[in-house]
Every structure is written in structure tokens, then in C-alpha cells.
Amino acid sequence: MSEPKVKAKRVLFFDSGVGGLSVYKAVKALNPDVEAYYLFDNECFPYGNKGDHFLIKRIEALLEKASKVFELSAIVVACNTASTVALPELRLNIKLPIVGVVPAVKPAAKLSKNKIVGLLATPGCLSREYTNNLIKNFASDCKVIKVGDAHLAEIAEDRLSTGVVDRAGIEKIVKPFTSLPKAERPDTIVLGCTHYPFVKDVLEELMPDVRFVDSGEAIGRRVKTVVKEAKYIETDKIQNRAFYTGVLKNYEDREKMVKDFGFVSLEKFEL
Ligand code: DGL
């Protein structure tokens, strides 16, 4: 006799690379029963230096395919660079609840005492109208200093794969903050890319007086609400699975890493 099916809420997390795992961790902390699928678009990593048109088409194609081949309850676009460019298009074309991750400008502006807020994100994310509207709508009482560097996501990616962190590289990237006279430095910095929580300890060492804010917990709460309403799927067994695109050079390291995060497998995703 075949095993009875179990009911689950299955959420797909999507990012160009490992950054979305910081969101997955925060979501899982508040939603332990959710079954997680994770899709890395490693073939096109990094997204931070790619154009809008390319990204919209790429992300839409991947997520439309994913929503057809997997039965899903909801999708979390666990990438600020992807969310700030592609959310409207995705919501138009994919009939599933979609939670986006965008820079936590609003909470940071509220928390800042000196009303100087830093926004650390990819160059792509910083250039978007969506991001500028967040600043206009929620941080108009603050001076917002934007620092964008596509390489910081790569440093975080390498750290998770190899365990080695390029501290000197990070020090150089945050110079626009640290080289300012003390009175002009932000007291609060938004980690506007989901990769950055994985180098937060180094950022804290370099800027000990700064409070760093990311979107992880807020997304965890949002997913809780969304998942409550979302449809159940039926499965043989609840298990978290990870997927990659194209060719993964460091397959073994990546497989070990996703297993450490609680995924049972790392499989190829065919577009
Ligand atoms: N993790 C992505 C974000 O939140 C960006 C990394 C990349 O450049 O691909 O913006």
C-alpha cells in the first residue's frame, strides 16, 4: 500500500546566489513548518551589475518555469536587486502570492538618531526608481548616503563557499562611510542586499558605532501572514530542496553548504 500524502505549505526562495539563504533562515525561524525550495540563479550571478531588461526577462522566465514544474504555495523573491526591478511584472504573470525583499529604508529612517542613514546595496538596486521612491517616501527627514558595489555580494558568496572572507576588500568598499568626518557618518546602515548579512560581523568590526538593519525578520512575519492564506500542497514527505542553474563549478562545496542549511538535496534546474 502506498504511503498517505502529507499536506504542506511549500515556499520557493529565489536569489541570484546564496544571499537569499539569509532570508530563508529568518523566514524559517518564524515559520518552521514551511517546506522550502531554494533556487539559485548562479548562472547569471551577480545580478547587481546587470541591466533592467535582461533581469526582468531572466527572472520572469525562471519563476514562471518554477511555478509550473513545482507545486508551490508562495514565492519569496529573496533578492533586493531582483525585487526592485521585477516585482510588478512577476505579480502580473504568476498567479501565486509573491513576497518581495526590498531595502529596509523605512525602519532604518525610524531608528536613526542623527538622521544620517547609509544604504549599502548593489549598483543596480541603488539606481532603481523603486529604491529612490522608498527613500523619498520613508526617509525624507534623513540624509541618505548610498554606497553600491557589485563585488560585496561576491565576497559574501565566496565566504559561504570557502569559509574565507576578504576583509581588506570589504574595508575598501565601505570607505565612503568610514572616511567621512565622524559627525557626518551614518548611525544606521541598511543592508540592502540579502548577501550582506553573511558579512555583517566584518561590517560591525569596521563600523562599531553603526546599527545595521536588514529585511529578514520583517519578511519572516510577512511570509507568516501570506502562508496562512496560501494553498496547501500534497506531498509524500516534507523536505527542503535546493536547485541551481547552468553549471556549478564548486558543486561539492555548495551541496555541503545547502545541507548545512537544512536542504536534503542540490539539483539542477532546467530552464
Ligand atoms: N542578493 C542580491 C540582492 O539582494 C544581489 C546579489 C547579486 O548582485 O546578484 O540584491
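Side chains are part of it too, since the values below use all heavy atoms of this structure and drop only hydrogens, waters and symmetry mates. All of these numbers come straight from a predicted model, not from anything done at the bench. As the structure lists them, so they are numbered: ligands from 1, and atoms in each ligand from 1. Residue numbers count from 1 along this sequence.
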Self-check item: Side chain Thr131, main chain Leu126, donor-acceptor under 3.5 Å
Solution: no

Quiz item: Heavy-atom distance under 4.5 Å between the side chains of Val18 and Val258, does that happen here?
Solution: no

Exercise. Work out which heavy atom in Lys65 is nearest to a heavy atom in Glu270; give both atom names and the distance.
Key: NZ-O, 2.7 Å

Quiz item: Under a 4.0 Å heavy-atom limit, does Cys79 contact ligand 1 with its side chain, its backbone, both, or neither?
Solution: both

Practice problem: Would you verify whether the NZ or CZ of Lys9 falls within 45 degrees of the ring axis of Tyr232 while also being under 6.0 Å from that six-membered ring's centre? | Solution: yes

Quiz item: Hey, do the aromatic rings of Phe70 and Tyr37 have their centres closer than 6.0 Å?
Solution: yes

Quiz item: Looking at ligand 1, does any of its N/O atoms fall within less than 3.5 Å of an N/O of Gly48?
Solution: yes

Quiz item: Should you measure from each heavy atom of Ser16, which atoms of ligand 1 turn up under 4.0 Å away?
Solution: 6 (C), 7 (C), 9 (O)

Practice problem: For Thr81, counting its heavy atoms only, list the atoms of ligand 1 lying under 4.0 Å from any of them. | Solution: 3 (C), 5 (C), 10 (O)

Quiz item: So is Thr122 polar-close to ligand 1, meaning N/O to N/O under 3.5 Å?
Solution: no

Exercise. Kindly indicate whether a cation-pi arrangement holds for Arg58 with Tyr47, taking the cut-offs as under 6.0 Å to the six-membered ring centre and within 45° of the axis.
Key: no

Practice problem: May I ask you to list the atoms of ligand 1 that are less than 4.0 angstrom from any heavy atom of Asp15? | Solution: 1 (N), 2 (C)

Quiz item: Which atoms of ligand 1 sit under 4.0 Å from any heavy atom of Phe45?
Solution: 7 (C), 9 (O)

Self-check item: Protein heavy-atom partner closest to atom 7 (C) of ligand 1 - residue, atom, separation in Å
Solution: Tyr47 N, 3.3 Å

Practice problem: Output the list of atoms in ligand 1 that are nearer than 4.0 Å to some heavy atom of Ala153, sorted by atom number. | Solution: 6 (C)

Quiz item: Can you list the atoms of ligand 1 that are under 4.0 Å from a heavy atom of Asn80?
Solution: 3 (C), 4 (O), 10 (O)

Quiz item: Does the side chain of Asp41 pick up a donor-acceptor pair with the side chain of Thr245 at under 3.5 Å?
Solution: yes

